[in-house]
Amino acid sequence: MAPTQPPGGPEVSAQALTREPLPREFFDRPVEEVAPDLLGHVLVHGDVALRLTEVEAYAGMLDPASHAYRGLTPRTAVMFGPPGHAYVYFTYGMHFCVNLVCGEDGTASAVLLRAGGIVAGMGTARERRPNSTERDLARGPARLCTALGIGRDQNGSDVCSPDRPLKITAGEPADPSRIRSGPRTGVNGGKETPWRFWIDGDPTVSPYRAHVPRKRKPTA
DNA sequence: CACTAGATAATCT
DNA sequence: GATTATCTAGTGC
């Protein structure tokens with residue numbers, strides 16, 4: 001027999017690429033309900049598929065930690081649109097992160113996809129992150145985007161349409177008894193809201209890091 | 001393992 | 001000019 005296969009096995013991996021996307025109504029709910037429900041579902045981009053293990057909820061204009069808190073700007077325009085679309089942003093001069101827009105049209109809430117495990121297209125993912133172990137391929141929001149090849153071109157993409165390269169497909173939902181929540185990572189405002197959700201014990205969940213204000217460049 | 005600093009650019013003030 | 005929903009490489013234990 002072949003040695004160890006990834007969880008789910010190769011047949012499940014192939015299914016992940018062809019399965020129907022989640023219905024748009026899935027996203028047309030309060031963001032703190034959608035976020036934990038996404039755990040275990042599968043994000044597909046091209047021939048790579050990823051089972052979500054960690055996400056964070058951001059409640060739009062009501063949430064000091066959200067990019068949408070200060071209102072509509074060119075960058076945040078996608079979040080103010082209809083649910084079921086991808087909001088991709090560029091940060092720290094080198095990284096992309098991807099969110100899925102939630103709630104009613106105009107609420108500007110979204111779920112940040114923070115980590116997951118690759119269930120199809122392992123070869124492609126490894127090429128994109130050649131120095132990474134399998135466990136670390138998508139362990140963190142910027143690593144996730146690199147492993148799946150997500151960038152500016154995917155901003156605004158409809159993830160509920162079966163014919164687009166980037167889509168969110170139905171997987172095996174996480175066992176509710178294994179879902180944990182806690183404060184969001186790397187965020188300054190809104191610390192009291194425990195809106196980071198993850199699958200307890202899953203090795204692909206990223207380590208928690210509290211927000212640290214960056215030091216300024218030393219003046220020589 | 002814990003901790004630090006540096007990379008690098010869009011966005012906002 | 002300051003800040004940032006990050007990651008990696010480096011040091012030291």
Side-chain angles (χ1 to χ4, degrees), chain A residues 27 31-32 34-36 38-39 43 50 52-80 85-103 107-118 125-156 159 180-198 203-220:
Chain A
F27 295 99
V31 66
E32 68 272 28
V34 176
L38 274 170
L39 296 172
L43 184 70
L50 172 104
L52 292 170
T53 59
E54 180 188 350
V55 299
E56 279 175 7
Y58 287 86
M61 300 193 74
L62 308 173
D63 183 353
S66 170
H67 289 171
Y69 184 59
R70 288 180 169 81
L72 193 155
T73 67
R75 179 173 66 151
T76 61
V78 170
M79 279 202 284
F80 285 84
H85 291 248
Y87 163 53
V88 180
Y89 67 90
F90 185 67
T91 191
Y92 287 101
M94 59 190 98
H95 300 303
F96 291 100
C97 297
V98 62
N99 303 247
L100 302 181
V101 177
C102 293
T107 51
S109 61
V111 176
L112 171 67
L113 308 183
R114 288 197 54 90
I118 304 291
R126 295 203 76 128
E127 279 174 27
R128 289 175 175 147
R129 291 184 40 81
N131 295 330
S132 177
T133 62
E134 186 168 318
R135 171 198 211 211
D136 284 348
L137 279 173
R139 194 179 186 222
R143 293 166 169 183
L144 185 155
C145 281
T146 300
L148 293 205
I150 293 172
R152 250 182 264 285
D153 289 352
Q154 280 68 48
N155 189 38
V159 298
R180 299 286 179 275
S181 68
R184 293 173 292 187
T185 304
V187 172
N188 202 0
K191 281 195 187 67
E192 307 79 17
T193 317
W195 277 2
R196 172 178 178 245
F197 300 94
W198 68 93
T204 64
V205 172
S206 71
Y208 176 77
R209 289 196 193 94
H211 180 260
V212 261
R214 311 174 69 211
K215 273 184 199 156
R216 279 185 292 118
K217 201 162 60 167
T219 53

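Letters A, B, ... mirror the listed sequences (proteins, then strands); counts begin at 1.
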Test your reading of the model: is there a side-chain donor-acceptor pair from [X] to the backbone of [Y], 3.5 Å cut-off?
X        : Y        : result
A/Arg128 : A/Ala147 : yes
A/Ser66  : A/Ala59  : no
A/Arg139 : A/Val205 : yes
A/Arg209 : A/Gly186 : no
A/Asp63  : A/Tyr58  : no

**Asked** Would you say C/dT6 has OP1 or OP2 under 4.0 Å from some side-chain N or O of A/Arg114?
**Response**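 For C/dT6, OP1 or OP2 has a side-chain N or O of A/Arg114 closer than 4.0 Å.
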**Request:** For C/dC7, take OP1 and OP2 only and decide whether either is under 4.0 Å from a side-chain N or O of A/His95.
**Result:**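 For A/His95, the contact criterion (side-chain N or O under 4.0 Å from OP1 or OP2 of C/dC7) is not met.
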Figure out the [atom1]/[atom2] separation between [X] and [N], and round it to whole Å.
X        : N     : atom1 : atom2 : result
A/Glu54  : C/dA5 : CD    : P     : 16 Å
A/Phe90  : C/dT4 : CZ    : P     : 17 Å
A/Trp198 : C/dA5 : CH2   : P     : 19 Å
A/Arg128 : C/dC7 : CZ    : P     : 17 Å
A/Tyr87  : C/dA5 : OH    : P     : 10 Å
A/Leu100 : C/dA5 : CG    : P     : 18 Å
A/His211 : C/dT4 : NE2   : C1'   : 7 Å
A/Tyr208 : C/dT6 : OH    : P     : 11 Å

**Prompt:** Out of A/Thr185, A/Val111, A/Thr193, which one pairs with A/Glu56 under the side-chain contact (heavy atoms from CB on, under 4.5 Å) rule?
**Reply:**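 Result: among A/Thr185, A/Val111, A/Thr193, A/Thr185 is the only option passing the side-chain contact (heavy atoms from CB on, under 4.5 Å) with A/Glu56.
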Checking contacts here: which listed nucleotide ([options]) is nearest the side-chain heavy atoms of [X]?
X        : options              : result
A/Asn99  : C/dA5, C/dT8, B/dT11 : C/dA5
A/Thr73  : C/dC7, B/dC12, C/dA5 : B/dC12
A/Met94  : B/dT8, C/dT4, C/dA5  : B/dT8
A/Ala142 : C/dC7, C/dA5, B/dT8  : C/dC7
A/Arg143 : C/dT6, C/dT8, B/dC12 : C/dT8
A/Arg129 : C/dC7, C/dT4, C/dA5  : C/dC7

**Message:** For A/Tyr89 and A/His67, take the angle between the two ring planes, folded into 0 to 90°, and tell me which bin it lands in: parallel under 30, tilted 30 to 60, perpendicular over 60.
**Reply:**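 Plane angle over 60°, so perpendicular.
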**Request:** Provide the closest heavy-atom pair for A/Arg135 versus A/Pro203 in the form atom of the first, atom of the second, distance.
**Result:**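 Minimum heavy-atom separation between A/Arg135 and A/Pro203: NE-O, 3.0 Å.
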**Item:** Pairing string, 5' to 3', for DNA chain C - Watson-Crick or wobble contacts under 3.5 Å, brackets [ ] where pairs cross, | to another strand
**Value:** ||||.|||||||.
**Request:** Return the stacking result for C/dT4 and A/Tyr92: yes when the ring centres lie under 5.5 Å apart and the planes under 30°, no otherwise.
**Result:**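 It does: the ring sits over the base of C/dT4.
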**Asked** What does A/Arg196 touch in the nucleic acid at a heavy-atom separation under 4.0 angstrom: a base, only the sugar-phosphate, or nothing?
**Response**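 Touches nothing.
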**Asked** Could a donor-acceptor pair under 3.5 angstrom be found where the side chain of A/Tyr89 meets the base of C/dA5?
**Response**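 For A/Tyr89, whose side chain was compared with the base of C/dA5, there is a donor-acceptor pair (under 3.5 Å).
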